[in-house]
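Values below: every heavy atom of this structure, side chains too, minus hydrogens, waters and symmetry copies.
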Amino acid sequence: MTGKRASNPRKQGTTGNSGNQAATGDKLLPGSSEYVGQDWPESVSQQSEQELIGDLQSALDCLDDLAPAAAEPQLAWITAQLEEHRTVMRRRLIRDLALFVVFALALLTGVACILLKLPALFIIMQIVSFVAIPIVLFKNQWKRVRQP
């Protein structure tokens, strides 16, 4: 390309040009006004624009040829990964359910023992839980609302 480098519109004091566009005559061309190392033509004809587009397209095609093609995953590998994930999730579910049942039975056994042996303590526990649960829920909701 031949021609002068586009002058910086900020230095000239012209207005209306953004910092990302270089002024050339009456046209605005994309690119930085601080475009370093290349001469930018004063006016670009339709033919030279088409040549530039063709050159860019051929350069992009060359880059596409250099890049390795993405390999498609094989179906056997995907199904093996899915099956492994299913077994891991199934084991996790069984473990969580077993822990839930153990803790639920322990809690119910403790509550039943307290009810049968110490009814006064059971009534006190019921009153404390009846008052404490709404307070705890309110505080948790308040924390969620205050977080951005």
Q) Just how far is it from atom CD1 of Ile114 to atom OG1 of Thr109, taken to the nearest 0.5 Å? A) 11.0 Å
Q. Would you call Trp77 and Gln81 a side-chain contact if the rule is heavy atoms closer than 4.5 Å?
A. yes
**Q.** Glu51 CD to Ile53 CD1 distance, which is reported to the nearest 0.5 Å
**A.** 11.0 Å
**Q.** Met89 CE to Asp96 CG distance, which is reported to the nearest 0.5 Å
**A.** 9.0 Å
(Q) Would you say CZ of Arg95 has more than 12 non-hydrogen atoms from neighbouring residues, nucleotides or ligands within 6.0 angstrom? (A) yes
Q) Cluster question for you: counting only ILVMFWY and a side-chain heavy-atom cut-off of under 4.5 Å, with indirect links fine, are Leu121 and Ile123 together? A) no
Q: Heavy atoms only: give me the nearest Val111-Phe122 pair and the separation to one decimal.
A: CG1-CE1, 3.4 Å
Q: Report the distance from atom CD of Gln57 to atom CG of Asp55, rounding to the nearest 0.5 Å.
A: 10.5 Å
**Q.** Spacing of CD1 belonging to Ile135 relative to CG belonging to Asn140, to within rounding of 0.5 Å
**A.** 12.0 Å
Q: Could you walk me through whether Phe103 and Leu99 pass side chain to side chain contact (heavy atoms under 4.5 Å, CB included), step by step?
A: CA-CA 6 Å; Phe103 284 118; Leu99 282 172; 4.1 Å; yes
(Q) Please report the interatomic distance CZ(Arg86) to OG1(Thr79), rounded to the nearest 0.5 Å. (A) 9.0 Å
Q: Would you name the heavy atoms of Pro134 and Ser129 that are closest together and state the gap between them?
A: CD-O, 4.4 Å
